[in-house]
Amino acid sequence: MIPSSPKNRRFFTGFLLHLHPRTVPSETLRYSLSWGLGGMAALLVSLLFLTGTLLLLTYQPSTDSAYASILILIREVRFGLWVRNIHHWSANLLVIVAVLHLLRVVLTGAFGPGRRLNWIIGLFLLFLLLSANFTGYLLPWDQLAYWAVTICTSMLGYIPIGGLWLQELFRGGAEIGPATLANFYVLHVVFIPGTLFILMLWHFWLIRLAGGLVQVEKNSPEDVSVLRVPTVPNLIVREAAVGLALMAIVLVISIVWNAPLLEQANSGMSPNPAKAPWYFLGFQELLLHLHPVFVVFVWPLLGIAALFYLPFWHDSSLPTGVWFGSDPGRKLVAWTAAVGALATLVIILIDNLLLHSGEAVAVNILITRGLLPTVLLIALLVGFYFLLVTKLKHTRAEAVMAGLVLMLVALTVCTIIGVWFRGPEMRLVWPWVQQSL
Ligand code: HEM
């Protein structure tokens, strides 16, 4: 509710101005510049903190009582089911919103000089929120949780040096059990939220230091003066509109759909198929086609290194504050996304046929399904880059945007297939009939 008396209003405005500067460049109020995605992520994190604290009032972090405490929460505690649902849907939505936010930062060139450190902090935020999601996944101690965490921690074992050590560290022993639950609980309720909170404050502070959101570069000296408008009400009204709309969506979703809960965890009975949480299913899909060392270690390492390197890659052609940089940039990204999605789908289908035809029995799969695809992928990306820059006369910035979109689209297609089109024994199925394709 908006406070009505002048004293209240001054207090309210003062509080908001702790979070925002007194004035903001009017250009950055354009909704289509950021789609409010960073603000949405911040709101979802706040909802998670709030509902998570409420869940702690009932949840018991031991393998004997965790599942039962969730049943009590959803059956006997007033609004318990709703609070659990809000926590679940906010967490899942946060992954999608944060990835879209990262994409908008790339596509509006908002990661260059002045924003480099914030890009790096953003990457850590992404890592933390994925970790928060993953550690929370185990807490209900049901079949879904137990086997998803079994699969993901088994993947760690493929990391060449120290993989098994890391696996044991997370599990708190050789198998998933009470020590794993204790580890995940502490990470989920203390360490990760604490670090996330501090990094978020730093993230917001750096946006202020950079003078607000990214703006279109000024070319002539007359352009240098930026029109600034008061934050209250101009920015606040827009933020409130986005925040209220998002909150309404989350609350309604949480009334309509319940967070999943299967039977209590049973280490002797694996579900078929046993799947990782949806945001890791792209990697589980890759595991069906490629050597595990490359899926779990080499490819993520290359991807993470590329993301960290991105802001330090010098290019004066980096367009700021303009989506896709230019009109040719927009067309390039659209084409790349469409062709990339189709190509990924075709490769998966062809490889699926090859796998079922008994290929790779006598061959060294470390080479055929590891080294060779990796070299091919790097050659494809480098070739694509030079084709765009030298022959098709795109700027280097546009070529890099297209490369990143290509990788993200390919991972998204793998994730969609993993979520909806993989059935028993991880065979391809139609999701609506669960029959083999
Ligand atoms: C918990 C996750 C995150 C939260 C709460 C968050 C929040 C925000 C907010 C509120 C803004 C300003 C407004 C907006 O863009 O909507 C922003 C800007 C920014 N974010 Fe994030 N962010 C998160 C994750 C990330 C990630 C994953 C990246 C990329 C790796 C990133 C990089 C940036 C950058 C570079 C800016 C400055 C953009 C500009 O100047 O236009 N953030 N963030």
Side-chain angles (χ1 to χ4, degrees), residues 16 18-21 24-25 27-49 52 90-133 136 192-217 226 231 234-236 238-243 245-246 279 303-313 318-323 325 400-401 404-405 407-408:
L16 291 173
H18 274 90
L19 301 172
H20 293 295
V24 284
E27 184 195 318
T28 59
L29 290 176
R30 195 165 36 102
Y31 185 57
S32 59
L33 173 63
S34 72
W35 296 108
L37 288 161
M40 288 189 205
L43 177 67
L44 289 170
V45 172
S46 312
L47 271 180
L48 284 165
F49 280 3
S90 301
N92 285 286
L93 216 57
L94 179 59
V95 176
I96 300 173
V97 166
V99 171
L100 290 177
H101 172 58
L102 177 149
L103 199 60
R104 101 85 185 144
V105 167
V106 171
L107 296 180
T108 57
F111 55 87
R115 294 183 169 76
R116 287 181 177 139
L117 179 58
N118 222 6
W119 169 265
I120 306 278
I121 292 180
L123 289 180
F124 280 108
L125 283 175
L126 187 62
F127 170 75
L128 281 174
L129 64 91
L130 283 174
S131 312
N133 254 286
I192 297 173
T195 321
L196 193 74
F197 184 68
I198 294 169
L199 285 190
M200 270 173 62
L201 291 183
W202 197 358
H203 197 60
F204 299 156
W205 176 238
L206 286 175
I207 297 168
R208 282 189 75 162
L209 280 191
L213 295 194
V214 70
Q215 295 168 56
V216 181
E217 226 154 56
V226 175
T231 301
N234 296 289
L235 177 60
I236 295 304
R238 286 168 172 80
E239 284 185 344
V242 174
L246 177 68
Y279 34 85
I304 291 169
L307 284 175
F308 272 95
Y309 179 65
L310 199 64
F312 301 99
W313 161 85
L318 181 70
T320 55
V322 182
W323 275 85
V400 168
M401 280 184 194
L404 204 114
V405 167
M407 292 294 91
L408 213 60

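Computed from heavy atoms alone, side chains included, the values below leave out hydrogens, waters and symmetry copies. Both ligands and their constituent atoms are indexed starting at 1 by order of listing.
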Open item on the list: Under a 3.5 Å distance rule, please check whether Thr320 uses its side chain to pair with a backbone N or O of Gln215 as donor and acceptor.
Closed with: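 Here the side-chain-to-backbone pair exists.
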TODO: Quick one: look at Ile207 and ligand 1, take heavy-atom pairs under 4.0 Å, and tell me if it's side chain, backbone, both or neither.
DONE: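 Side chain only.
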Open item on the list: Checking a contact table here: which protein heavy atom is nearest atom 28 (C) of ligand 1, and how many Å away?
Closed with: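 Protein heavy atom with the smallest distance to atom 28 (C) of ligand 1: Gly122 CA, 3.4 Å.
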Open item on the list: Below a 4.0 angstrom heavy-atom separation, can you tell me which part of Phe204, side chain or backbone, both or neither, approaches ligand 1?
Closed with: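 Phe204 to ligand 1: side-chain contact only, backbone stays beyond 4.0 Å.
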- [ ] Just need the protein heavy atom nearest to atom 38 (C) of ligand 1, so name the residue and atom and give the distance.
- [x]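 The closest one turns out to be Arg104 NH2, 3.3 Å.
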Task: atom 4 (C) of ligand 1: the protein heavy-atom neighbour that sits closest, reported with distance to 0.1 Å - done: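 Looking only at protein heavy atoms, the one closest to atom 4 (C) of ligand 1 is Ala41 CB, 3.7 Å.
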- [ ] With heavy atoms under 4.0 Å as the rule, classify the contact between Leu94 and ligand 1 as side chain, backbone, both or neither.
- [x]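 The answer is neither.
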TODO: Select one of side chain, backbone, both or neither to describe which atoms of Leu37 lie under 4.0 Å from any atom of ligand 1, heavy atoms only.
DONE: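 The backbone, only.
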Open item on the list: Below 4.0 Å, non-hydrogen atoms only: which portion of His203 touches ligand 1? Side chain, backbone, both or neither.
Closed with: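 Near ligand 1, His203 shows its side chain, while the N, CA, C and O stay back.
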- [ ] Would you mind checking which non-hydrogen protein atom is closest to atom 34 (C) of ligand 1, with the distance to 0.1 Å?
- [x]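 For atom 34 (C) of ligand 1, the nearest protein heavy atom comes out as Val105 CG2, 3.8 Å.
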- [ ] Starting from atom 40 (O) of ligand 1, locate the nearest protein heavy atom and write down its residue, its atom name and how far away it is, to 0.1 Å.
- [x]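 The answer is Arg115 NE, 2.5 Å.
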Open item on the list: Using a 3.5 Å distance criterion without hydrogens, assess whether the side chain of Trp323 forms a donor-acceptor pair with backbone atoms of Ser32.
Closed with: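 Checked: pair present.
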Open item on the list: Suppose I only count heavy atoms of Gly39 and a 4.0 Å limit; which atoms of ligand 1 are within that range?
Closed with: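 Close to Gly39: 10 (C), 16 (O).
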